[in-house]
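Remarks on the structure that follows.
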Amino acid sequence: MQHPLFDRLAAAGQQHVLAHYPALTPAARRQLDQQLATLDLDLLARLVREEHEAPDWAALARRATSPPAIELAGRATGPITPEAARRAGAAALRAGQVGAILVAGGQGTRLGFAHPKGMFPLGPVSGRTLFQILIEKVVATSRRYGAPVPLYVMTSPVTHDETTTFLAAHHHFGMPTGQLRIFCQGTMPAVDAQTGRLLLARKDSLALAPDGHGGMLAALDNSGLLEDARERGVGYFSYVQIDNPLAMLCDPELLGYHCLARSEMTTQVVRKSDPHEKVGNVVMVDGKLRIIEYSDLPDDVAQRRNPDGSLCVWAGSIAVHVFDREFLDRIAHQADALPFHLARKKTPFVDEGGVAREPTAPNAIKFERFIFDLLPWARNALVVEGRAAEVFAPVKNADGAASDTPTTARRAMVALFTQWLRQAGATVVEDTPVEISPLWALDAAQVAQRLAQSPPARTIDQPTYFHE
Ligand code: UTP
């Protein structure tokens with residue numbers, strides 16, 4: 001008997017995905033049926049057709065100018081002082097108006113860790129996982145301001161089950177019951193780069209991949225959690241990614257700039273030290289803020305300098321944002337808000353003869369949405385500079401790579417914690433690893449308070465983990 005979807009698949013030139021169907025078990029058929037039922041064949045056809053119609057990034061970049069930003073150097077003279085921002089952010093936190101979003105649905109292929117990246121033991125002394133490091137910041141913030149901070153953790157089908165089990169086994173690292181909600185993002189099928197035909201990962205499954213961190217928008221909405229946030233009185237979301245242990249989740253100052261500027265989306269950046277640093281570049285193009293990926297930035301634009309020698313394209317994105325909840329509500333229902341980006345990747349697949357293939361070169365196109373593409377849609381979108389050493393230590397690559405590895409991230413954490421301790425009067429002997437749990441101190445000022453309560457002239461010459 002012909003499969004009920006055969007005609008539709010055939011019309012789209014995708015009937016080959018049923019090649020092994022007759023030999024599948026009933027359970028395997030059900031799985032493939034479920035995947036096929038949710039396929040948007042028209043969208044796929046359009047994306048493949050439009051592959052060569054991607055924006056002309058080089059032309060866009062040549063029109064790009066420096067984004068208006070609250071910069072470290074000029075802060076005190078800006079329209080909003082850091083003190084005023086911190087007061088406004090603290091007021092929003094005390095009023096329970098802030099929720100946190102942590103996206104952890106990526107495949108983490110470059111790190112090469114066999115579990116979700118959030119389970120990676122990163123703590124330089126404690127061995128705490130990335131999940132614990134970031135979730136403790138939310139718990140500590142909620143305690144400091146005496147108000148709940150609900151945390152929304154995004155997983156994907158790749159990371160969901162293991163993440164859920166792991167977080168439950170660790171009692172959600174101290175998050176009060178009901179305050180941590182997990183939601184799963186969607187997937188997009190991979191297609192053959194030459195033919196646009198769907199790839200099978202196994203005889204009973206399409207090759208599916210998470211639909212990018214931009215999938216957060218639809219997933220938060222579809223899971224009912226935007227509504228959940230509204231019911232809890234959340235007006236602002238602090239958004240970070242699982243791969244940055246220094247990310248300032250729920251930072252009152254960043255939240256305060258956002259509130260006082262009546263911005264719908266605020267993004268934190270760091271000043272690039274190298275024109276070709278591997279970060280997205282926040283720029284103004286035609287009156288709108290947007291991010292141009294490092295791979296799309298032409299060399300001559302990357303190298304442009306101001307008369308004082310500083311880079312024109314200076315603002316590197318660190319994927320730390322603040323969103324108005326109402327902005328996400330509005331934009332979630334706008335179909336074209338987040339375009340798909342296409343990436344060529346090596347993707348194993350099963351061919352029509354049923355043989356498993358392990359390509360040695362990129363063979364597939366994957367489709368991903370990026371959350372930063374919301375920037376041009378936001379009213380009063382705002383850019384705020386942070387110090388890289390205080391806010392950014394990405395974990396992307398396995399140790400051995402030149403940058404963004406567990407080793408470089410641990411080094412950055414130890415350097416920051418050493419600085420906090422020394423500022424508070426402690427002596428930290430050179431090359432002594434130190435680590436601070438947010439539950440012990442969230443910032444340098446709290447370290448000073450803690451040390452003031454313990455005997456003075458403290459010398460640290462052994463690896464030390466400061467925690468509750
Ligand atoms: P990256 O794009 O760096 O991907 O994600 P990745 O999964 O960490 O690593 P590679 O590229 O496979 O090596 C940046 C952040 O966005 C999240 C990741 O979990 C990470 O926190 N992300 C990415 C998602 O939540 N979903 C996605 O579909 C993609």
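The basis for the numbers below is simple: all heavy atoms, side chains too, and nothing from hydrogens, waters or symmetry mates. Source: prediction; values computed, not measured.
- Counted within 6.0 Å of CZ on Arg8, heavy atoms from surrounding residues, nucleotides or ligands total 12 or fewer; the atom is thus considered open.
- Looking at Arg232 and Asp228, a side-chain N of the basic residue comes within less than 4.0 Å of a carboxylate O on the acidic one, giving a salt bridge.
- With salt bridges taken as basic N to acidic carboxylate O contacts below 4.0 Å, none links Arg230 and Glu326.
- The existence of a salt bridge linking Arg330 and Glu264 is confirmed by a sub-4.0 Å separation between a basic side-chain nitrogen and an acidic carboxylate oxygen.
- A salt bridge is absent between Asp192 and Arg197; no separation between the charged side-chain nitrogens and carboxylate oxygens falls under 4.0 Å.
- For Ser223 (side chain) and Ala219 (main-chain N/O), a donor-acceptor pair under 3.5 Å exists by modelled atom type.
- Centroid-to-centroid, the aromatic rings of His321 and Phe372 stay 6.0 Å apart or farther.
- Remark: aromatic rings of Phe237 and Phe323 are distant, center separation not under 6.0 Å.
- A salt bridge does not link Asp211 to Arg369: none of the charged nitrogens lies less than 4.0 Å from a carboxylate oxygen.
- Nearest heavy atom pair, residue Asn244 against residue Leu134, reads O-CD2, 3.7 Å.
- Electrostatic pairing of Arg29 and Asp204 does not count as a salt bridge here, judged by no charged N lying under 4.0 Å from a carboxylate O.
- Salt-bridge check for Glu435 with Arg410: failed, with every basic side-chain N at 4.0 Å or more from each acidic carboxylate O.
- Within the cation-pi definition used here (under 6.0 Å to the ring centroid, within 45° of the axis), Arg181 does not qualify as a partner of Tyr152.
- Of the inter-residue distances, the one linking Ile80 atom CD1 with Cys259 atom SG reads 9.5 Å to the nearest 0.5 angstrom.
- We find the CD-CG distance between Gln179 and Leu151 to be 9.5 Å, quoted to the nearest 0.5 Å.
- Pairing each heavy atom of His172 with each of Ile135, the nearest pair is O-CG2, 3.6 Å.
- Using a 30° and 60° split on the angle between ring planes, Trp57 and His341 fall in the parallel class, below 30°.
- Asp399 and Thr407 form a side-chain donor-acceptor contact under 3.5 Å, judged by distance and modelled atom types alone.
- Salt-bridge check for Asp300 with Arg62: passed, with a basic side-chain N closer than 4.0 Å to an acidic carboxylate O.
- A salt bridge links Asp329 and Arg325; the closest N-O separation between the charged side-chain nitrogens and carboxylate oxygens is under 4.0 Å.
- No close placement of the His276 and Tyr294 rings is indicated, their centers lying 6.0 Å or farther apart.
- Distance check, rounded to the nearest 0.5 Å: NZ of Lys396 to NZ of Lys117 gives 5.0 Å.
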Q) Yes or no on side-chain contact (heavy atoms from CB on, under 4.5 Å) for Val48 and Phe367, after CA distance, side-chain angles and deciding distance? A) CA-CA 10 Å; Val48 172; Phe367 305 96; 4.2 Å; yes
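- Here Glu277 does not pair with Lys272 in a salt bridge; the nearest charged N to carboxylate O distance is not below 4.0 Å.
- Across every non-hydrogen atom of Thr187 and Pro157, the tightest pair is CG2-CG, 3.6 Å.
- Close placement of the His3 and Tyr21 rings is indicated, their centers lying within 6.0 Å of each other.
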